[in-house]
Every structure is written in structure tokens, then in C-alpha cells.
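Here the structure is laid out as C-alpha cells; the discussion comes afterwards.
Everything numeric in this text was worked out from a predicted model, so none of it was measured.
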Amino acid sequence: MARDRDDRDEDAEPPRERARERRPKRLSAPRVMRSATEQLEGLLGRAPESVSAVRPIDDGWEAEVEVLEVERIPETTSVMASYRVTLDAEGELMSYERVRRYTRGQTDRRA
């Protein structure tokens, strides 16, 4: 005997729908940026000034975060640092490392 649409089991979802529900939702880049800066500030005790890069990686995210390390006058001589921050798929900080120090007024010759 054929079933009516209303009589179908609710558990009989297409496999693609079930897989989508099991997979954790990927975070957006703005949310990752906020998460990276908040967690790095908690570790360093200094508020990050900007995020210069954010990119998805296989198992999470990687961000480059700029932090004021030594404030000087004039401001262009203040010492800045660039940190590489790795976050997991849920936005939790897994690692960080300082990859560069420079004065605020310095321009990049790498680009």
C-alpha cells in the first residue's frame, strides 16, 4: 500500500540533508577576525590594531593580526608586530606566533 506524503517517516531525509546537518557550520571571515583579535588580546594583554589577512585552511582558519608592542612619540616610530594566528573550525585559538616586528611608519618592500 502506498504512503501519503504526510505519513512518511520524518527521519527519512535525503542523505545529503543529513550530512549537511552533521557537518559543523563554517564560520564567516568577520566572525573569525573578531575571534582571533579577542583571544590574542587575552593572551598578550594588548589590543590588536587590525587584521591584515584572514584565510581558510584545511581544518580551520589562519589570520595575520597587527599589534602595537611599544608606543613611542612620534607615533610613526612605535613598534608594531604581526602575529600569525591559527584557529580551529569553531574559531578557537590553537596557536600563535610573532612573525614580524616593524616601526609603524615602515612600508613593506615585500609586495
Ignoring hydrogens, what is the shortest heavy-atom contact between [X] and [Y]? Give both atom names and the distance.
X   : Y    : answer
D88 : M94  : N-CG, 3.6 Å
V85 : L87  : CG1-CD1, 3.9 Å
T76 : T103 : O-CB, 3.9 Å

Gap separating the CG atom of L27 from the CZ atom of R34, nearest 0.5 angstrom: 10.0 Å
OG on S82 to CD on E97, rounded to 0.5 Å: 10.0 Å
Counting N and O atoms only, with roles assigned by atom type, does the side chain of [X] sit under 3.5 Å from a partner on the main chain of [Y], one being a donor and the other an acceptor?
X   : Y   : result
E64 : S52 : no
S35 : R31 : no
S78 : R72 : yes

Intermediate values then yes/no, side chain to side chain donor-acceptor pair (under 3.5 Å), E66 and Y102: CA-CA 10 Å; E66 309 306 315; Y102 58 97; 2.6 Å; yes
Worked verdict on R98 versus R84 for side chain to side chain contact (heavy atoms under 4.5 Å, CB included): CA-CA 6 Å; R98 185 172 61 199; R84 181 178 299 125; over 6 Å; no
Same apolar cluster: Y96 and V65, side chain cutoff 4.5 Å: yes
In one Ile/Leu/Val/Met/Phe/Trp/Tyr side-chain cluster, 4.5 Å: M80, L43: no
E75 atom CD, over 12 foreign heavy atoms within 6.0 Å: no
Side chain to side chain, T86 and L93, heavy atoms closer than 4.5 Å: no
Beyond-backbone contact of L44 with Y83, side-chain heavy atoms, under 4.5 angstrom: yes
Carboxylate-amine/guanidinium proximity below 4.0 Å for E49 and R104: yes
Working for salt bridge (Lys or Arg N to Asp or Glu O under 4.0 Å), residues E71 and R46: CA-CA 11 Å; E71 191 168 8; R46 296 183 192 100; over 6 Å; no
